[in-house]
Amino acid sequence: MARAQQAQAAGRRAGLAAVVKAYISLTKPRIIELLLITTVPTMFLADRGLPDLWLVLVVLVGGSLAAGAANALNCYIDRDIDQVMKRTSRRPLATHTVSPRAALIFGLTLAAVSTVLMGAFTNLLATLLTAGAIAYYDLVYTLWLKRTTPQNTVWGGACGAAPVLIGWAAVTGGLSWPAWVLFAVVFLWQPPHFYALAIKFKDDYARAGIPMLPVVASMRRVGLETVVYSWLTVAASVALWPLGMTPIYGVVAIVTGALLLVEAHRLDGRARRGEPLKPMRLFHWSVTYLTLLFVAVAVDALIH
């Protein structure tokens with residue numbers, strides 16, 4: 001009897017752990033990490049030093065909840081195509097670990113909590129930007145752009161770059177040129193980053209009827225756009241240098257930008273020669289590039 005009770009208790013704990021894991025999975029933690037990498041250094045730059053740690057904590061928590069809300073609602077909206085795509089077929093809604101109603105309630109709850117938190121402890125502009133980013137990602141990108149146009153990756157980049165503006169607004173209560181330049185860096189960075197991923201999962205997107213650029217255009221077209229947006233990204237990053245940044249940031253922007261361009265041109269060259277594209281090389285380096293660039297932003301702000 002005792003062993004049976006222990007087994008039942010262990011089973012309940014395992015079941016609870018699986019449910020918690022499923023809900024965490026709905027928030028897509030890896031994407032949240034990338035968003036926070038850009039937010040905190042931006043706050044350092046906005047303050048020209050070390051901002052109030054309580055404010056940083058609030059923005060980190062509020063931003064994480066907001067991103068988690070947007071991602072959970074994205075999973076709810078995309079539950080039909082997630083079952084079709086191999087890459088997403090193990091998500092909680094696709095495997096029926098979480099019901100659609102529960103996912104919707106979870107996402108809306110996170111959205112409400114994040115908005116209230118930002119409203120209570122930051123300012124009106126940062127709060128409106130937070131709510132707007134959630135709405136844009138789910139209503140404009142997920143429901144409309146993603147399913148209707150190959151430019152979805154480009155225009156969907158606005159919500160991915162929004163945390164930069166939110167962090168700046170939380171510190172200053174407004175938005176100035178450096179904030180918009182950093183927004184441009186992240187906005188322009190997203191096409192080459194996500195084109196690489198879309199190339200790898202091209203068949204998945206085609207199966208689901210999602211018109212990602214690699215699905216509807218030639219690889220030469222994808223390679224060309226990758227190069228163009230990579231150059232624009234690097235140009236935007238260098239444009240921040242004269243806006244009060246030190247040579248430390250400038251050197252990092254140039255060196256990391258040059259390496260990003262090398263990978264982008266390599267992919268474009270393979271596309272033109274009809275060779276295997278190896279897109280994940282660019283994908284992984286683009287993450288490293290953005291991380292190093294924003295670390296340089298933080299360091300520059302601290303030593304300025």
Side-chain angles (χ1 to χ4, degrees), residues 27-29 31-74 76-77 104-145 155-190 236 239-240 243-245 290 294 297-298 301-302 304:
T27 66
K28 304 179 185 177
I31 294 178
I32 293 176
E33 290 175 10
L34 193 59
L35 296 177
L36 297 182
I37 284 171
T38 62
T39 305
V40 176
T42 299
M43 295 180 72
F44 281 34
L45 183 60
D47 191 75
R48 289 295 175 178
L50 186 64
D52 182 83
L53 294 181
W54 169 250
L55 181 62
V56 174
L57 179 62
V58 168
V59 173
L60 282 175
V61 174
S64 296
L65 292 175
N71 290 330
L73 294 171
N74 167 268
Y76 169 78
I77 296 168
L104 177 61
I105 293 173
F106 178 62
L108 291 175
T109 301
L110 289 182
V113 172
S114 66
T115 304
V116 169
L117 183 64
M118 295 293 287
F121 295 104
T122 62
N123 54 61
L124 180 60
L125 179 57
T127 303
L128 291 176
L129 287 170
T130 300
I134 297 172
Y136 188 96
Y137 183 67
D138 291 312
L139 300 180
V140 178
Y141 171 72
T142 304
L143 272 176
W144 176 38
L145 294 172
W155 297 113
C159 46
V164 170
L165 301 183
I166 294 168
W168 191 282
V171 173
T172 67
L175 296 172
S176 56
W177 276 113
W180 287 111
V181 172
L182 286 174
F183 175 88
V185 170
V186 183
F187 178 82
L188 295 166
W189 166 87
Q190 288 181 90
L240 183 64
L243 297 179
M245 307 300 285
L290 197 69
F294 275 83
V297 168
L302 289 173
H304 195 277

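Quantities reported herein were computed from a predicted structural model and do not represent experimental measurements. Heavy-atom basis, side chains included; hydrogens, waters and symmetry copies ignored.
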Does a side-chain heavy-atom distance below 4.5 Å link Thr38 with Leu182? no

Got a donor-acceptor contact below 3.5 angstrom from the Asp47 side chain to the Met43 backbone? no

In terms of heavy-atom contacts, Val186 and Val164 come closest through CG2-CG2, 3.9 Å

Using a 3.5 Å distance criterion without hydrogens, assess whether the side chain of Thr142 forms a donor-acceptor pair with backbone atoms of Leu139. no

What distance separates Leu243 CG from Ser176 OG, expressed to the nearest 0.5 Å? 9.0 Å

So how far is it from Thr42 OG1 to Leu36 CG, rounded to the nearest 0.5 Å? 11.0 Å

How long is the straight-line distance from CG of Leu143 back to CD1 of Ile77, given to the nearest 0.5 Å? 4.0 Å

Do Trp155 and Val140 have side chains that approach each other closer than 4.5 Å (heavy atoms only, starting at C-beta)? no

Approximate separation, where rounding is to 0.5 Å, of Leu45 CG and Phe294 CZ: 9.5 Å

Thr39 to Pro163 - nearest heavy-atom pair and separation: OG1-CB, 3.2 Å

What's the spacing between Leu108 CG and Tyr76 OH if we round to 0.5 Å? 9.0 Å

Can you check whether Thr122 reaches Val59 side chain to side chain, under 4.5 Å on heavy atoms? yes

Do Trp180 and Leu165 touch side chain to side chain, with heavy atoms closer than 4.5 Å? yes

Minimum-distance pair of heavy atoms, taken over all atoms of Tyr136 and Gly156: CE2-CA, 4.3 Å

Sub-4.5 Å side-chain heavy-atom contact between Ile134 and Ser114: yes

Taking the side chain as C-beta and beyond, is there a heavy-atom pair between Asp52 and Val56 under 4.5 Å? no

Which atom of Gly68 lies closest to which atom of Leu110, heavy atoms considered: C-CD1, 3.9 Å

Under 6.0 Å between ring centres, would you say that holds for Phe183 and Trp168? no

Would the distance check show the side chain of Thr127 and the main-chain N or O of Gly119 forming a donor-acceptor pair, the cut-off being under 3.5 Å? yes

So do Met118 and Leu129 actually touch side chain to side chain, heavy atoms under 4.5 Å? no

Indicate the atoms forming the closest heavy-atom contact of Asn123 with Ala169, along with that distance. ND2-O, 2.8 Å

Under a 4.5 Å cut-off applied to non-hydrogen side-chain atoms, are Leu175 and Thr172 in contact? no

Closest non-hydrogen contact found for Thr115 with Ala131 is OG1-CB, 4.3 Å

Ignoring hydrogens and angles, tell me if any N or O in the side chain of Asn74 forms a donor-acceptor pair with the backbone of Asp138 under 3.5 Å. no

